[in-house]
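Structure first, then comments.
Sequence positions, counted from 1, serve as the residue numbers for this chain. What you see below is based on every heavy atom in this structure, not just the backbone, and it leaves out hydrogens, waters and symmetry mates.
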Amino acid sequence: MRFFKPIWVTSRKGVSTWSPLATAFNTRPTHRPIFDSLRERTGLFNKPELTSFEGFYSLKEQAIAATDRLIEEAVSSPSRPMVEIFDELSDTLCKVADLAEFVRIAHPQPHFASAAEDACISVSGVVEKLNTHKGLYEALRNSVQNDTSGDKHLAELFLFDFEQSGIQLEENTRREVVALNDLILQTGQQFMAGAAKPRRVPRSVVPQNVRQFFSTEGDDVIVSGVYAECGEAAAREAAYRLYLAPDIRQEQLLTTTLQARHRLAQLCGFDSYADRAIKASTMETSSNVREFLDILSDNLHDRANMDFEAMAKMKRQESPYQNELMCWDTPYFTHKAKTQLLNVANTDFSPYFSLGGCMEGLNMLCQELYGISLKSEEMLPGESWAPDVYKLAVVHESEGLLGHIYCDLYERAGKPHQDCHFTIQGGKLLPDGSYQNPIVVIMLSLSGGHRGGPALLSAGAVDNLFHETGHALHSMLGRARHQHVAGTRCATDLAELPSVLNEYFASSPDVVRRFARHFQTREPMPEDMLQRFCASKYLFGASEMQLQVFYSVLDQLYHGADVSQQQSTTQVLKGAQQQCYGLPYVENTAWQHRFSHLIGYGAKYYSYLISRALAWSVWRQNFEARPLSRSAGDRLRHAVLRHGGAIEPQILLRDYLGTEMTPRALATALTDELDYHRDHIDSVFKTLD
């Protein structure tokens, strides 16, 4: 029997103390100018060229020169398989583009951000040149036809990338494709900017009894969101109606984008943009997606109504004169119910989730499942873009160093307020037989971590940390031969599987019990609090899932084959809401004008639901009974994670799970999860209360 190792160490006096990793993350890093002045300087991400922002020019020029050399090799009787040349092309450009894109977004110094943006623009120009290079396309196509391309799956992915730009079409048609791509880019960017813009309305429009809930500028009231968790029902309603009021400009931009996407798909040989976007995913076709959503919608109807009835009862108890539950109520009553069931305030359990403690929990998980350790490394001066960034080496017990994770976890002025994962360098097998280790960044926006104590995480922040680390581990544990399909470079629904799976670990009492302890006393979280914490995450899960189905159905309708015959986007929304969601549409609102995911996830918003169905299937089959099973972790790594996108997702998952990933099987997995958690919530709170 293998006994669990403690995640803390014990001093001679018998008092538990934090491990070195936890200690490092419970202290927010700062500049040390005197000490750093004595050490050798390097550039961003340890790249010597980036000791100054001017280094982006050198990196860009090196990439362009290498690209020209590789193009010449590809079109003139190459001596190696074509996919090896194309993957080197991809790697060369991604090393600059991915790095520059991150620096453009995250670097606090304007000259660095500006130089990075220039590099992004230059590399985009090179990519456009490649996408329209007939000789390069024909060389790849001929190698596939002659069976000399090497990895055929990867070669076909490269061909599909080419054909997205219409290179196979006649010249006039191809020019129209290029123009449509430019139009979609421009209108999409404008729509996303408008979606986040606060609403400015005359003071007289806002009911006098709720004006105090909003900020003002002169005679105007500024509405910056829907105030979802505000305790005053009238304020929630006013914010919802004002913030989501129809916007003529947003409607024009959205309609133009959807029609341009539809035309683009038709020119490239697809019936709809949805078919174009879904090709090569786990679902493969838009008809499979619609079947999945239809089955899931039917399964959710009664389950979601039970949630809405419970929330309506809460509303009547709080406001006897208001009987009807509305769209602006559900986030508030979900939050209120979780708070009541937790029986403690967020400030009572967050001390058990210090940043260092959570990182130690992730380290424990990595050691138990995969035999890898997260080791804090000190950075050289100049390696980081901000003083409070951490660096982790990911080390396997027998394979050695697998890669590095930079952790940019604290909020700062100018930093995007979003939790995400960035690939800086993809993994790749090099010609000498060694492996190019991946480099990634995890970005969160935590507060705290100063001299007053470590950053303390809310339940949502714990989930987000585990989620983004799941993406990072996908990259670290991957060992695909080609970087174009390494780690998270795979179908969207497959890419989200490891991150959603990590959230299940963050909700498992057997896992949380191993690391949740008070940052001051080191006492473990009380068992009743721990059980409530884990169970409450799934409260009102059916109504939340029904909302995601509604969003996904709407996304499919907007990108479907009959988009050109549709009425306004609001009319389409009203029909979808009536069909798929248990609460009524609010007249004179158009929340789709705020739905920026229509741009970034066009026709693929459903992917989160598929990823969750896959993750639940993996969890239920392999980890539910023994969450920290090393054999299950090793099998997950070698059967799924190490391949990235190198194997078609349907084949990869069928072989791992032992069953076909049909629309019905995936929809059933999600309702099975809901029923499991509903029963678990009932049993936990019945036992505790």
From Leu670 atom CG to Ile610 atom CD1, the distance as rounded to the nearest 0.5 Å = 7.5 Å
inquiry  = Counting C-beta onward and ignoring hydrogens, is there a side-chain heavy-atom pair between Thr469 and Phe466 closer than 4.5 Å?
reply    = no
inquiry  = Is there a side-chain contact between Glu587 and Lys574 in this structure, where contact means two heavy atoms from C-beta onward sitting under 4.5 Å apart?
reply    = yes
task = Test ring pair (Phe, Tyr, Trp, His ring centres under 6.0 Å) on Tyr605 and Phe595 and set out the steps.
result = CA-CA 11 Å; Tyr605 189 82; Phe595 193 30; 5.3 Å; yes
inquiry  = Listing request: all salt bridge (charged side-chain N to carboxylate O under 4.0 Å, His left out) pairs with a residue in residues 662-671, at least two apart in sequence or in separate chains.
reply    = none
request  = Answer yes or no: is there an ion pair linking Arg626 with Asp510, defined by an N-O contact shorter than 4.0 Å?
outcome  = no
task = Specify the closest pair of heavy atoms between Glu291 and Pro663, including all atoms of both residues, with the distance to one decimal.
result = OE1-CG, 3.7 Å
Note, Thr659 side chain near Arg654 side chain (heavy atom, < 4.5 Å) = no
remark   = Scanning both residues in full, the closest heavy-atom pair of Leu494 with Val640 reads CD1-CG1, 4.5 Å
Side chain proximity check, Lys336 to Thr339, heavy atoms < 4.5 angstrom = no
ask   = Do Pro509 and Gln531 have side chains that get closer than 4.5 Å, going by heavy atoms?
value = yes
Please set out all donor-acceptor pairs under 3.5 angstrom arising from side-chain atoms of residues 327-334, sequence neighbours excluded.
from: Asp329; atom 1: OD1; to: Arg236; atom 2: NH2; distance (Å): 2.8
from: Asp329; atom 1: OD2; to: Lys315; atom 2: NZ; distance (Å): 2.5
from: Asp329; atom 1: OD2; to: Met326; atom 2: N; distance (Å): 2.9
from: Thr330; atom 1: OG1; to: Cys327; atom 2: O; distance (Å): 3.4
from: Tyr332; atom 1: OH; to: Glu318; atom 2: OE1; distance (Å): 2.9
from: Tyr332; atom 1: OH; to: Glu318; atom 2: OE2; distance (Å): 3.2
from: Thr334; atom 1: OG1; to: Thr330; atom 2: O; distance (Å): 2.8

key: Distance, nearest 0.5 Å, that separates CG of Asn363 from CD1 of Ile372   = 8.5 Å
task = Run the numbers on Met545 and Leu609 for side chain to side chain contact (heavy atoms under 4.5 Å, CB included), then give the verdict.
result = CA-CA 8 Å; Met545 189 178 291; Leu609 289 168; 3.9 Å; yes
task = Check for a donor-acceptor pair, side chain of Asn622 on one end and backbone N or O of Val618 on the other, with a separation under 3.5 Å.
result = yes
Salt-bridge criterion met for Glu237 and Arg241 (N-O under 4.0 Å) = yes
request  = Start with the C-alpha distance between Tyr504 and Glu673, add both sets of side-chain angles, then the distance that settles side-chain hydrogen bond (donor to acceptor under 3.5 Å, both in side chains), and finish with yes or no.
outcome  = CA-CA 11 Å; Tyr504 291 125; Glu673 182 200 358; 3.0 Å; yes
request  = Measure the spacing between SG of Cys230 and OH of Tyr240 and express it to the nearest 0.5 Å.
outcome  = 16.0 Å
ask   = Do Asp555 and His559 pass the side-chain hydrogen bond (donor to acceptor under 3.5 Å, both in side chains) test, and can you show the C-alpha distance, the side-chain angles, and the key distance before you say yes or no?
value = CA-CA 6 Å; Asp555 183 37; His559 293 97; 3.1 Å; yes
query = Would you call Trp591 and Val226 a side-chain contact if the rule is heavy atoms closer than 4.5 Å?
reply = no
query = How long is the gap from CG on Leu365 to CG on Leu362, to the nearest 0.5 Å?
reply = 6.5 Å
task = Could you go through the side chain to side chain contact (heavy atoms under 4.5 Å, CB included) check for Val462 and Cys358 one step at a time?
result = CA-CA 7 Å; Val462 174; Cys358 291; 4.1 Å; yes
task = Mind running side chain to side chain contact (heavy atoms under 4.5 Å, CB included) on Phe505 and Phe623 for me, showing each step along the way?
result = CA-CA 9 Å; Phe505 287 107; Phe623 295 102; 3.8 Å; yes
key: Test item: Arg303 side-chain N/O and His301 main-chain N/O as donor-acceptor pair under 3.5 Å   = no
message = Under a 4.0 Å threshold between the charged nitrogen and the carboxylate oxygen, would Glu503 count as salt-bridged to Arg612?
response = no
ask   = Has the side chain of Glu624 got a donor or acceptor atom that lies under 3.5 Å from a matching backbone atom of Gln621?
value = no
note = Shortest non-hydrogen pair, Ser376 vs Ala24, comes out as OG-CB, 3.8 Å
key: Ring-face cation contact, Tyr410 with Arg28, 6.0 Å cut, 45° max   = yes
task = In sequence, state the C-alpha distance, the side-chain angles, and the governing distance for Asp294 and Arg290, and then conclude on salt bridge (charged side-chain N to carboxylate O under 4.0 Å, His left out).
result = CA-CA 6 Å; Asp294 287 345; Arg290 286 306 307 270; 3.7 Å; yes
ask   = Is a side-chain N or O of Thr589 found less than 3.5 angstrom from the main chain of Val586, in a donor-acceptor match?
value = yes
Taking every non-hydrogen atom, the tightest pair across Phe349 and Ala459 = CE1-N, 3.8 Å
message = Taking Met443's backbone N and O only, do any of them form a donor-acceptor pair with Asp408's side chain (distance below 3.5 Å, no angle check)?
response = no
query = Looking at side-chain heavy atoms only, is the closest gap between Phe308 and Gln546 below 4.5 Å?
reply = yes
inquiry  = Tell me whether the count of non-hydrogen atoms from other residues, nucleotides or ligands lying under 6.0 Å of CD in Gln418 goes above 12.
reply    = yes
request  = Please confirm whether the backbone N or O of Ala195 pairs with a side-chain atom of Arg594, one donor and one acceptor, at under 3.5 Å?
outcome  = yes
inquiry  = The test is side-chain hydrogen bond (donor to acceptor under 3.5 Å, both in side chains); show your working for Glu232 and Tyr227 and say whether it passes.
reply    = CA-CA 10 Å; Glu232 175 56 54; Tyr227 289 55; over 6 Å; no
ask   = Counting only N and O atoms by type, is there a donor-acceptor contact under 3.5 Å from the side chain of Ser617 to the main-chain atoms of Ala613?
value = yes
inquiry  = Please find the pair of heavy atoms, one from Trp616 and one from Ala669, that lie closest to each other, and give the distance.
reply    = CD1-O, 3.2 Å
request  = Please determine if Asp307 and Arg678 form a salt bridge, counting it only when a charged side-chain N lies under 4.0 Å from a carboxylate O.
outcome  = yes
ask   = Is there a side-chain hydrogen bond (donor to acceptor under 3.5 Å, both in side chains) between Gln650 and Thr282 once you walk through the steps?
value = CA-CA 5 Å; Gln650 273 280 359; Thr282 304; over 6 Å; no
ask   = Phe25 and Leu21: side chain to side chain contact (heavy atoms under 4.5 Å, CB included), yes or no, with the steps?
value = CA-CA 6 Å; Phe25 276 79; Leu21 178 68; 3.7 Å; yes
ask   = Backbone N or O of Ala639 within a donor-acceptor pair of the Arg642 side chain at under 3.5 Å?
value = no
ask   = Does the pair Asp493/Lys604 count as a salt bridge with the N-to-O cut at 4.0 Å?
value = no
request  = Assert yes or no for the condition that the ring centre distance of Tyr551 to Tyr581 is strictly below 6.0 Å.
outcome  = no
task = From the options Ile442, Leu409, Leu444, select the one residue that forms a side-chain contact (heavy atoms from CB on, under 4.5 Å) with Asp419.
result = Leu444
query = Is there a donor-acceptor contact under 3.5 Å from the side chain of Thr521 to the main chain of Glu523?
reply = yes
ask   = Quick one: does Gln556's side chain have a donor or acceptor within less than 3.5 Å of a partner on Ala603's backbone?
value = yes
key: Where His643 and His638 come nearest, the two heavy atoms and their spacing   = NE2-O, 3.1 Å
query = Got Thr423 and Val441 here, is their nearest side-chain heavy-atom distance under 4.5 Å?
reply = no
